[in-house]
Amino acid sequence: MIRAHTESHATQIDGTVSSLDLRRTVNEIVAATPVFDMHTHLFPPAFGALNLWGIDELLTYHYLIAELFRSSDIAPTKFWQLTKPSQADLIWETLFVRNTPLSEATRGVVTVLAALGLNTRAKDLHEAREFFRTQRAEAYLERVLEIACVNNIVMTNDPFDSVEMPTWMSGAKSDRRFHAALRLDPILNEWSKAADAMRQQRYKVEMDGSGDTVKETRRFLDERIKQMEPRYLAVSLPDDFQFPEDSMRHRLMCDVVLPVCREHRLSLAMMIGVRRRVNPALRLAGDGVGSADVHAVERLCEEHSENRFLVTMLSRENQHELCVAARKFSNLMVFGCWWFLNNPSIVSEITRERLEMLGTSFIPQHSDARVLDQLIYKWSHARHCVADVLYEAYNRLCDTGRGITRSEIERDVARLFSGNFRQWVNLDSSNTAEKAYVAVD
Ligand code: FIX
Ligand code: ZN
């Protein structure tokens, strides 16, 4: 973990940080700046079984399940028959005892255990289970948020989820640090299933989109927006996503989703490039990646200039073009190093590229955490990469003839970690993102 130093640093006569202090100053600020985690799959304790935490959840993360099958002979069908603790035992034994946890996802578990003071070389999960057994959900949430220095979290909220929706329907007051994101995957990717579910809820929609479909689907979204007060609407899209295209998705996008976003002043977040169920036997771990067409994003931004888009793309090959697109369209905000990109080598590369092409006008990372404890590692690892990249960039700037002050570094990091997102989703009325450095809201 990057250490935050509290002693004061010497500054030069002109107020800039001396080159000897630059590394330490950047590390300190990056470590201490709270993060607004703008895409996760986390839920607060009020959502009951959806609030996942603890060693068994950590070890059965789908990133690790995919890795298990590379180092074990167990067949996927056999694996799915095991109880969750047995799956976790097998993953620990295979990836952490019989192999060295060098991959990013395995190292992540080590980071979490170390931060919690647990044995990272344990032969079994006995000690870890004992530790988590004594934790209480609310208190543990506070502890994780403090260690990870995360003060706001955006969930992923599926309006068709039978476990999640009753909590929304009950109107239970949730933790205000957890913000909703209304997920549109069923509507935009599996219309017939979504239409079925909506008809069961008495919305008059048709499979072919005729009749009152547009009006009724808008009504459905209006009602969910009222209920959840989402920060944005979101969808994951396949690598062959096109815009325009002759499809139900296109019609729903143009006639329903984009007008609803405009009316409610909400951005549409698009996560592009996933190839779902490449290996269905692996379930959630069986999705893959494909390079997508950035021109589709450009056309959307151009034809719908009144809309705002948050975009992340899954393929490494798309990153440079996406930066170029963001230079052309100010209604496009690039975010995160998603999923298979969330490895230090690639995060560093992409963050460098973005900083060079977009200055600080992007959102470098989101955690995509599914298990609360993952915030600890995902943000610790991300902070390391961001600190390295920023240090190099400031150093280059100094060499070029312009020093940097501590408050400028604070302002930049606050923008990257929270300010840009807050401003994009209208949470901040002014551009005083640097406030986020001191204020834990
Ligand atoms: O669509 C998404 O939000 C993806 O992030 C997930 O579906 C994916 O399974 C994941 O967890 C990636 O990190
Ligand atoms: Zn996600």
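Residue numbers run from 1 in the order of the sequence given. Counting starts at 1 for both ligands and their atoms, in listed order.
Scanning the protein for heavy atoms near atom 13 (O) of ligand 1, the closest one is Y63 OH, 2.6 Å. The nearest heavy-atom contact from the protein to atom 10 (C) of ligand 1 is H62 NE2, 3.4 Å. When hydrogens are left out, the protein atom nearest atom 1 (O) of ligand 1 is R183 NH2, 2.6 Å; that is the closest non-hydrogen contact. Looking from atom 6 (C) of ligand 1 to the surrounding protein, the closest heavy atom is R370 NH2, 3.2 Å. The protein atom (non-hydrogen) at minimum distance from atom 4 (C) of ligand 1 is W338 NE1, 3.6 Å.
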- Item | Pair V205-W191, side chain to side chain contact (heavy atoms under 4.5 Å, CB included): steps then yes or no | CA-CA 10 Å; V205 294; W191 170 247; 4.1 Å; yes
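A donor and an acceptor atom, one from each side chain of T167 and S170, are nowhere located under 3.5 Å apart. A donor-acceptor contact under 3.5 angstrom links the side chains of N307 and R262, judged on distance only. Inspection of the W53 and E57 side chains reveals no N or O donor paired with an N or O acceptor under 3.5 Å.
In Q374, neither the side chain nor the backbone holds a heavy atom less than 4.0 Å from any atom of ligand 1. For H366, no heavy-atom contact with ligand 1 is shorter than 4.0 Å.
For R129 and F132, the positive end is not near the middle of the six-membered ring at less than 6.0 Å and at most 45° from its axis.
A salt bridge links D287 with R276: the closest approach of a Lys/Arg side-chain nitrogen to an acidic carboxylate oxygen falls below 4.0 angstrom.
Between F241 and F243, the ring-plane angle classifies as tilted under the 30° and 60° cut-offs.
Of all atoms in ligand 1, listed by their number and element, those nearer than 4.0 Å to a heavy atom of H39 are 3 (O), 5 (O).
The N/O atoms of D287, backbone and side chain alike, include none that comes under 3.5 Å of an N/O atom in ligand 1.
Angle OD1(D368) to the Zn ion (ligand 2) to NE2(H41), rounded to 10°: 90°.
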